[in-house]
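Each remark here refers to the structure printed beneath this line.
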Amino acid sequence: MPPLSILALHGPNLNMLGHREPGIYGSLSLSEINRLLEEEASKLQASIISMQSNHEGVLVDTIHEALEKHQGILINAGAYTHTSVALRDAIAAVNLPTVEVHLSNIYRREEFRHHSYISPVAIGQISGFGVQSYLLGLQALVHHLREKS
Ligand code: DQA
(Lines give C-alpha, C1' and ligand atoms only; values in the text may rest on other atoms or scores of the structure.)
Protein backbone atom coordinates (compact mmCIF):
# COMPACT_ATOMS: atom_id res chain seq x y z
CA MET A 1 0.00 0.00 0.00
CA PRO A 2 1.45 3.42 -0.88
CA PRO A 3 2.21 5.55 2.20
CA LEU A 4 -0.43 8.16 2.99
CA SER A 5 0.09 11.32 4.95
CA ILE A 6 -2.86 13.22 6.40
CA LEU A 7 -2.95 16.74 7.83
CA ALA A 8 -5.27 17.16 10.85
CA LEU A 9 -6.10 20.83 11.17
CA HIS A 10 -7.72 22.24 14.30
CA GLY A 11 -9.11 25.76 14.31
CA PRO A 12 -9.71 28.42 16.97
CA ASN A 13 -10.33 27.59 20.62
CA LEU A 14 -9.71 23.88 20.12
CA ASN A 15 -6.48 24.28 22.09
CA MET A 16 -8.85 24.82 25.05
CA LEU A 17 -10.45 21.37 24.79
CA GLY A 18 -10.65 19.69 28.17
CA HIS A 19 -11.40 23.05 29.84
CA ARG A 20 -13.78 24.45 27.30
CA GLU A 21 -17.52 23.74 27.80
CA PRO A 22 -16.93 20.03 28.59
CA GLY A 23 -20.69 19.35 28.50
CA ILE A 24 -20.57 20.18 24.78
CA TYR A 25 -17.05 19.23 23.73
CA GLY A 26 -16.11 16.46 26.18
CA SER A 27 -13.23 16.19 28.60
CA LEU A 28 -10.39 15.13 26.31
CA SER A 29 -7.61 17.62 25.65
CA LEU A 30 -6.43 18.35 22.13
CA SER A 31 -3.21 16.43 22.74
CA GLU A 32 -5.24 13.38 23.82
CA ILE A 33 -7.33 13.67 20.64
CA ASN A 34 -4.14 13.94 18.58
CA ARG A 35 -2.72 10.84 20.26
CA LEU A 36 -5.91 8.87 19.43
CA LEU A 37 -5.67 10.11 15.84
CA GLU A 38 -2.07 8.89 15.64
CA GLU A 39 -3.11 5.45 16.95
CA GLU A 40 -5.96 5.26 14.43
CA ALA A 41 -3.69 6.42 11.60
CA SER A 42 -1.15 3.74 12.43
CA LYS A 43 -3.90 1.06 12.39
CA LEU A 44 -4.81 2.36 8.94
CA GLN A 45 -1.14 2.30 7.89
CA ALA A 46 -1.15 6.05 7.37
CA SER A 47 0.63 8.90 9.10
CA ILE A 48 -0.95 12.05 10.50
CA ILE A 49 0.45 15.44 11.39
CA SER A 50 -1.72 17.64 13.64
CA MET A 51 -1.69 21.40 13.76
CA GLN A 52 -3.84 23.91 15.67
CA SER A 53 -4.09 27.65 15.24
CA ASN A 54 -6.36 30.42 16.47
CA HIS A 55 -5.41 32.53 13.43
CA GLU A 56 -7.25 32.32 10.14
CA GLY A 57 -4.24 33.29 8.00
CA VAL A 58 -2.02 30.67 9.66
CA LEU A 59 -4.65 28.03 8.88
CA VAL A 60 -4.78 29.25 5.25
CA ASP A 61 -0.95 29.05 5.00
CA THR A 62 -0.97 25.56 6.48
CA ILE A 63 -3.55 24.39 3.93
CA HIS A 64 -1.39 25.79 1.09
CA GLU A 65 1.71 24.05 2.46
CA ALA A 66 -0.20 20.76 2.68
CA LEU A 67 -0.11 20.49 -1.10
CA GLU A 68 3.57 19.50 -1.01
CA LYS A 69 3.35 17.28 2.06
CA HIS A 70 0.01 15.50 2.47
CA GLN A 71 -2.57 13.61 0.43
CA GLY A 72 -5.64 14.63 2.43
CA ILE A 73 -6.93 17.01 5.11
CA LEU A 74 -9.06 16.30 8.19
CA ILE A 75 -10.35 19.63 9.47
CA ASN A 76 -12.27 20.92 12.44
CA ALA A 77 -12.31 24.61 11.57
CA GLY A 78 -14.09 25.52 14.84
CA ALA A 79 -15.96 28.81 14.57
CA TYR A 80 -14.26 29.58 11.23
CA THR A 81 -16.51 26.84 9.81
CA HIS A 82 -19.34 29.34 9.97
CA THR A 83 -17.49 32.48 8.90
CA SER A 84 -14.47 31.82 6.71
CA VAL A 85 -14.64 32.16 2.96
CA ALA A 86 -10.81 32.26 3.08
CA LEU A 87 -10.53 28.73 4.52
CA ARG A 88 -13.07 27.46 2.03
CA ASP A 89 -11.14 29.03 -0.85
CA ALA A 90 -7.83 27.61 0.45
CA ILE A 91 -9.27 24.08 0.46
CA ALA A 92 -10.67 24.61 -3.04
CA ALA A 93 -7.30 25.99 -4.20
CA VAL A 94 -5.19 23.03 -3.07
CA ASN A 95 -7.93 20.60 -4.15
CA LEU A 96 -6.85 17.96 -1.63
CA PRO A 97 -9.58 15.56 -0.46
CA THR A 98 -10.89 17.04 2.80
CA VAL A 99 -13.17 15.70 5.50
CA GLU A 100 -14.87 18.16 7.86
CA VAL A 101 -15.43 17.08 11.46
CA HIS A 102 -17.11 18.56 14.53
CA LEU A 103 -17.21 17.24 18.07
CA SER A 104 -20.71 18.61 18.64
CA ASN A 105 -23.73 18.22 16.37
CA ILE A 106 -23.71 21.70 14.85
CA TYR A 107 -27.30 21.26 13.57
CA ARG A 108 -28.70 20.77 17.09
CA ARG A 109 -27.13 24.00 18.27
CA GLU A 110 -27.60 27.73 17.61
CA GLU A 111 -28.79 28.67 14.14
CA PHE A 112 -25.51 30.47 13.32
CA ARG A 113 -23.72 27.10 13.54
CA HIS A 114 -26.00 25.45 10.96
CA HIS A 115 -24.17 26.86 7.97
CA SER A 116 -20.72 25.60 7.01
CA TYR A 117 -18.51 27.30 4.42
CA ILE A 118 -16.34 24.16 4.45
CA SER A 119 -18.97 21.53 3.53
CA PRO A 120 -19.29 22.44 -0.18
CA VAL A 121 -15.54 21.84 -0.68
CA ALA A 122 -15.32 18.73 1.54
CA ILE A 123 -15.90 15.10 0.56
CA GLY A 124 -18.19 14.87 3.57
CA GLN A 125 -18.84 15.99 7.12
CA ILE A 126 -19.09 14.11 10.44
CA SER A 127 -20.64 16.03 13.30
CA GLY A 128 -21.86 15.16 16.77
CA PHE A 129 -19.87 12.10 17.86
CA GLY A 130 -17.25 13.75 20.06
CA VAL A 131 -13.76 12.38 19.48
CA GLN A 132 -15.33 9.61 17.35
CA SER A 133 -16.11 12.29 14.74
CA TYR A 134 -12.36 12.70 14.24
CA LEU A 135 -11.65 8.96 14.17
CA LEU A 136 -14.54 8.20 11.80
CA GLY A 137 -13.50 11.15 9.64
CA LEU A 138 -9.95 9.82 9.42
CA GLN A 139 -11.19 6.35 8.48
CA ALA A 140 -13.44 7.82 5.76
CA LEU A 141 -10.64 9.99 4.39
CA VAL A 142 -8.08 7.16 4.22
CA HIS A 143 -10.68 4.87 2.66
CA HIS A 144 -11.48 7.53 0.04
CA LEU A 145 -7.79 8.11 -0.78
CA ARG A 146 -7.08 4.38 -1.10
CA GLU A 147 -10.09 3.87 -3.37
CA LYS A 148 -8.85 6.66 -5.63
CA SER A 149 -5.33 5.24 -6.03
C1 DQA B 1 -17.02 22.87 16.69
C2 DQA B 1 -18.39 23.52 16.49
C3 DQA B 1 -18.26 24.99 16.18
O4 DQA B 1 -19.55 25.58 16.03
C5 DQA B 1 -17.54 25.71 17.32
O6 DQA B 1 -17.35 27.06 16.99
C7 DQA B 1 -16.25 25.05 17.68
C8 DQA B 1 -16.19 23.60 17.72
C9 DQA B 1 -17.14 21.40 17.12
O10 DQA B 1 -16.14 20.69 17.03
O11 DQA B 1 -18.20 20.98 17.60
O12 DQA B 1 -15.28 25.71 18.01
O13 DQA B 1 -16.33 22.90 15.44
Side-chain angles (χ1 to χ4, degrees), residues 4-18 20-26 28-38 40-41 44 46-149:
L4 277 184
S5 177
I6 306 297
L7 171 67
L9 206 50
H10 309 281
N13 299 307
L14 294 170
N15 56 314
M16 297 297 287
L17 288 176
R20 178 189 181 202
E21 302 182 87
I24 296 175
Y25 298 117
L28 292 184
S29 67
L30 187 59
S31 50
E32 287 166 327
I33 290 176
N34 286 336
R35 192 177 44 74
L36 292 171
L37 278 173
E38 277 165 32
E40 189 63 33
L44 297 165
S47 62
I48 191 157
I49 301 289
S50 298
M51 194 272 181
Q52 187 275 332
S53 178
N54 295 318
H55 304 277
E56 191 174 13
V58 174
L59 293 165
V60 169
D61 288 343
T62 307
I63 291 168
H64 293 173
E65 288 157 16
L67 198 47
E68 304 295 312
K69 302 179 187 157
H70 305 286
Q71 285 76 52
I73 300 174
L74 183 70
I75 186 167
N76 182 350
Y80 288 145
T81 304
H82 320 297
T83 63
S84 181
V85 176
L87 280 185
R88 181 232 175 266
D89 284 355
I91 292 166
V94 297
N95 200 24
L96 285 172
T98 296
V99 172
E100 173 186 1
V101 298
H102 300 283
L103 293 155
S104 63
N105 179 349
I106 56 175
Y107 303 100
R108 284 183 75 173
R109 300 184 62 197
E110 302 93 327
E111 185 121 12
F112 65 83
R113 296 186 203 275
H114 296 181
H115 177 260
S116 167
Y117 280 101
I118 309 297
S119 296
V121 291
I123 310 165
Q125 184 206 67
I126 300 175
S127 166
F129 296 97
V131 67
Q132 288 299 323
S133 294
Y134 278 97
L135 303 178
L136 293 166
L138 178 60
Q139 287 169 17
L141 180 56
V142 169
H143 189 76
H144 173 89
L145 289 167
R146 292 246 157 83
E147 271 200 332
K148 266 198 350 175
S149 62

Flag, side chain of Ser104 to backbone of Ser127, donor-acceptor distance under 3.5 Å:
no
Please enumerate all residues that pass side chain to side chain donor-acceptor pair (under 3.5 Å) together with Thr83, with sequence neighbours excluded.
none
Suppose we screen for side chain to side chain donor-acceptor pair (under 3.5 Å). Which residues come up paired with Ser50, at least two apart in sequence or across chains?
Asn34
Any heavy-atom pair between the side chains of Val60 and Leu87 that's under 4.5 Å?
yes
Please test Leu17 against Leu28 for side-chain contact (heavy atoms from CB on, under 4.5 Å), starting from the C-alpha separation and ending with a verdict.
CA-CA 6 Å; Leu17 288 176; Leu28 292 184; over 6 Å; no
Can you name the closest pair of heavy atoms from Ser133 and Gly128 and give their distance?
OG-N, 3.6 Å
The reported gap from CG in Leu4 to CD1 in Ile48 (rounded to nearest 0.5 angstrom) is 11.0 Å
What is the minimum heavy-atom distance between Pro97 and Ile123, and which atoms define it?
CB-CD1, 3.7 Å
Scan residues 47-60 for pairs that pass salt bridge (Lys or Arg N to Asp or Glu O under 4.0 Å), counting only residues two or more places apart or in two chains.
none
Mind checking side chain to side chain donor-acceptor pair (under 3.5 Å) for Gln139 and listing every partner two or more places apart, or none if nothing turns up?
Glu40
Could you tell me which residues satisfy side chain to side chain donor-acceptor pair (under 3.5 Å) with Ser47, sequence neighbours excluded, listed by chain and number?
none
To the nearest 0.5 angstrom, please state how far the CD1 atom of Ile49 sits from the OG1 atom of Thr62.
12.0 Å
Residues at least two apart in sequence or cross-chain that pass side chain to side chain contact (heavy atoms under 4.5 Å, CB included) with Asp89, listed by chain then number, are Val85
Is it the case that Ser29 and Glu32 place a side-chain donor and acceptor less than 3.5 Å from each other?
yes
How long is the span from the CG atom in Leu145 to the CD atom in Gln71, to the nearest 0.5 Å?
7.0 Å
Qualifying ring pair (Phe, Tyr, Trp, His ring centres under 6.0 Å) pairs with a residue from residues 122-149, counting only residues at least two apart or across chains:
His10-Tyr134
Give the intermediate values and the outcome of side-chain contact (heavy atoms from CB on, under 4.5 Å) for residues Ile33 and Leu14.
CA-CA 10 Å; Ile33 290 176; Leu14 294 170; over 6 Å; no
Quick one: CD1 on Ile75 to CG on Leu96, what's the gap to the nearest 0.5 Å?
11.5 Å
Is there side-chain contact between Lys69 and Leu7, with at least one heavy-atom pair below 4.5 Å?
no
Please name all residues satisfying side chain to side chain contact (heavy atoms under 4.5 Å, CB included) with Ala92, sequence neighbours left out, ordered by chain then number.
Arg88, Val121
Ring pair (Phe, Tyr, Trp, His ring centres under 6.0 Å) contacts in which one or both residues fall within residues 58-115, not counting sequence neighbours
His115-Tyr117
To the nearest 0.5 Å, how far apart are CG in Leu44 and CD1 in Ile6?
9.0 Å
Say whether, by atom type as modelled, one donor and one acceptor occur between the side chain of Ser84 and the main chain of Thr81 under 3.5 angstrom.
no
So, the side chain of Asn54 versus the backbone of Asn13: is there a donor-acceptor pair under 3.5 Å, distance only?
yes
With sequence neighbours excluded, tell me which residues meet salt bridge (charged side-chain N to carboxylate O under 4.0 Å, His left out) with Arg35.
Glu39
If you look only at pairs with a residue in residues 92-115, which of them pass as a salt bridge (Lys or Arg N to Asp or Glu O under 4.0 Å), with sequence neighbours excluded?
Glu110-Arg113
Shortest non-hydrogen contact between Pro12 and Ala77, atoms and distance:
CD-O, 3.4 Å
Which heavy-atom pair separates Ile63 from Val94 by the least distance, and what is that distance?
O-CG1, 3.4 Å
dist Leu36:CG -> Leu138:CG (nearest 0.5 Å) comes out at 11.0 Å
Is there side-chain contact between Leu135 and Leu37, with heavy atoms separated by less than 4.5 Å?
yes
